[in-house]
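Residue numbering restarts at 1 for every chain, and letters A, B, ... go by the order of the sequence lines.
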Amino acid sequence: MPDIRLPDGSVKSFPQPVSVAQIAQSIGAGLARAALAARVNGKLVDTGHRVESDAEVQIITERDPEALELIRHSSAHLLAHAVKELYPEAQVTIGPVIENGFYYDFSYKRPFTPEDLASIEQKMLEISKRDLPVERKVMPRDEAVAFFRNLGEKYKAEIIASIPEKEAISLYGQGNWIDLCRGPHVPSTGKLKVFKLMRVAGAYWRGDSKNEMLQRIYGTAWAKKEDQDAYLKMLEEAEKRDHRRLGTQLDLFHMQEEAPGLAFWHPKGWVLWQQVEQYMRRVYRENGYHEVRGPQILDVGLWKRTGHWDNFRESMFFTSSENRDYAVKPMNCPGHILIFNKGVRSYRELPLRYGEFGSCHRNEPSGALHGLMRVRGFVQDDGHIFCTEEQILAECVAFTALLQKVYRDFGFTEVIYKVATRPAKRIGSDAAWDKAEFALQQSLQQSGVAFSISPGEGAFYGPKIEYSLKDGIGRVWQCGTMQVDFSMPGLLGAEYVAEDNTRRTPVMLHRAIVGSMERFLGILIEHYAGAFPLWLAPQQVVVLNITERQAEYAAGIKNRLLNQGFRASADLRNEKISYKIREHSLQKLPYQVVVGDKEMQAGTVAVRTRSGEDLGAMSLEAFTARLQAEAKAQ
RNA sequence: GCCGGUUUAGCUCAGGGGCAGAGCAACCGCCUUGUAAGCGGUAGGUCGUCCGUUCGAUUCGGACAGCCGGCACCA
């Protein structure tokens, strides 16, 4: 005799156990049609779920936030169903929901082609139209293993076999197709109307590169057509702000075959770089760092002492001369320790902070390269803080605050914080790890930010905070980092004289704010879609003359702007003003100033902003005052 | 590194076993121009590289490389 309490507080009594679908039906036929699932006492269940006793029940329709996940999950099943109908020999594996969609991994004798995707999508539509009811069954584990073995689905059988023996397995069937799944699912395939297969890609079975490669099909699915259209539109827009495309269009940088994973910075791109570098140099200076510079190549013997030879050799470039082997540095830290080691250090000097814009090279796997976001040669705003264990917390707190200020100045407010904790294979005492992990977490708590823990993801020498930003299409890239290192200073013999006149090994904090300059610039380009704020813009102002008569006046204006420190140029070409404006608009210049006879006679400039607003004529002084105010606002 | 796709003019892209194409950009003229494309002309290429099939390959096949999308990796 269950009493069902609904979200509006009303209670419905039933004489015997009822299914979610029956509850929905009792409320209204429309709701029954729209029902996708339900939340029963907080737990998400199918519409076929039977409620045996008193419960709080909320019917889920496409209007609820949970609906998307259900739809995407069921769409993954629909995809697998379609693939099995078209290619019966294909084996199914897993098909989870991901951001904006879903995927399903298959094993098949040949790769799926883009043409296959089209026919699979057609088949999915067809199965959707059949409106097959989706039914849940429960089976003991061993029976389920045997069931899938019989079907020849060895991957499924393997997955189930790894589930604890006692547990019952739920299976979902639609038509003649059945899959292992925790559920819940939509009640019938007809509920799935808005989906699109996006791409096919390889993926390792169980995410391990030692295993065979499966075929992963990615799809997107939505409750409403308009939502999907908006999503596809967003992807299109994101493509337009891709830093690789804008890098070419705005003539910022290029990459070419002879130097895979290495950027060539063009004049405008290098101006942008320098704005960032000079800003970060000021950050060093104003926050107690001494800027230093270590050599590019160091004897291999040094890298053997630091552990790089054993742990990092695969990712390093080597060179040799006169029977000596060198490694091109992949990190700046050993160099900073060598600088620290020159001279006897006192505890009074700690924390001692070094910063460098050092150029590092890492031999990244070819498949990992990705524009400026993942390169083989890069420059970091790489700082190392030598301190005592007691100083770690304060340094971390200060660093996180500093990083946030820097990100804000560059226009980023959405930062993702993670703390990577001790891995199984590690050095150092548990007490030291406790202290370091606590300090990292506490620094984030004091900064008032939410963070997640990546258990076991820390470096072998210490835990770290990872600070990440998102690129134009939501891909997350780590930029900043703060790592606690208890070992490398000792390996290279760093020590300081403590208060009690004993020699002690300092702790070293590895930290970067923008991380790789290349990656950060890539993210900046996408963040601003190439329309940089005034202080970053490679070219801030262009002066345009209407006809040859004002050429000299225009050149004079440009020179006065240059003399005041603005990045200005003049476009004196014999072209129509609208033509010039179009060109410089496409180059996303913050300001264009037009000078014709009127302005020349009045000694003024007519100012046009990047948004296309005409500010009218004003004196050069009024204009530069505006520029100055805007640049300072940063 | 692995799976798939892709590579044609400076850029964006079409084409296709038999003389290599367009738009934009460039260059040369004309036009002296008022807030997002004035008009006409010229030039531009070992069709990523190498090997094969063929009378003939930019086109078909193979290998390699770069790039793109994922996977793995990211000290």
Roughly how far apart, to the nearest Å, are B/G4 and B/U8 at atom C1'? 22 Å
Using the C1' atom as the point on both nucleotides, what is the distance between B/G70 and B/U53, in whole Å? 34 Å
Touch class at under 4.0 angstrom, heavy-atom based, for A/Glu599 against every strand present: base
Touch class at under 4.0 angstrom, heavy-atom based, for A/Ser585 against every strand present: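 Base contact - A/Ser585 has a heavy atom under 4.0 Å of at least one base atom.
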Is it the case that B/G70 (base atoms only) and A/Gln215 (side chain only) share a donor and an acceptor within less than 3.5 Å, ignoring hydrogens and angles? no
Using a distance-only criterion (donor-acceptor N/O pair, under 3.5 Å, no hydrogens), is the base of B/A36 paired with the side chain of A/Arg608? yes
Mate of B/G1 across any strand shown (Watson-Crick or G-U wobble, both atom pairs under 3.5 Å) is B/C71
Distance-only, no hydrogens or angles: does the [X] side chain make a donor-acceptor pair with backbone N or O of [Y] under 3.5 Å?
| X | Y | result |
| --- | --- | --- |
| A/Lys588 | A/Ala529 | yes |
| A/Glu121 | A/Leu197 | yes |
| A/Arg199 | A/Ile217 | no |

Given A/Phe195 and A/Trp222, is the ring pair (Phe, Tyr, Trp, His ring centres under 6.0 Å) satisfied, shown in steps? CA-CA 6 Å; A/Phe195 52 81; A/Trp222 302 83; over 10 Å; no
Side chain of [X] - closest among [options]:
| X | options | answer |
| --- | --- | --- |
| A/Thr547 | B/A36, B/C73, B/U32 | B/U32 |
| A/Met213 | B/U35, B/G69, B/C71 | B/C71 |
| A/Tyr579 | B/G38, B/G1, B/U35 | B/G38 |
| A/Glu257 | B/A65, B/G69, B/G34 | B/A65 |
| A/Arg549 | B/A72, B/G4, B/U32 | B/U32 |
| A/Arg244 | B/C2, B/C68, B/G34 | B/C68 |

Can you check B/C71 for me, syn or anti if syn means within 90° of 0? anti
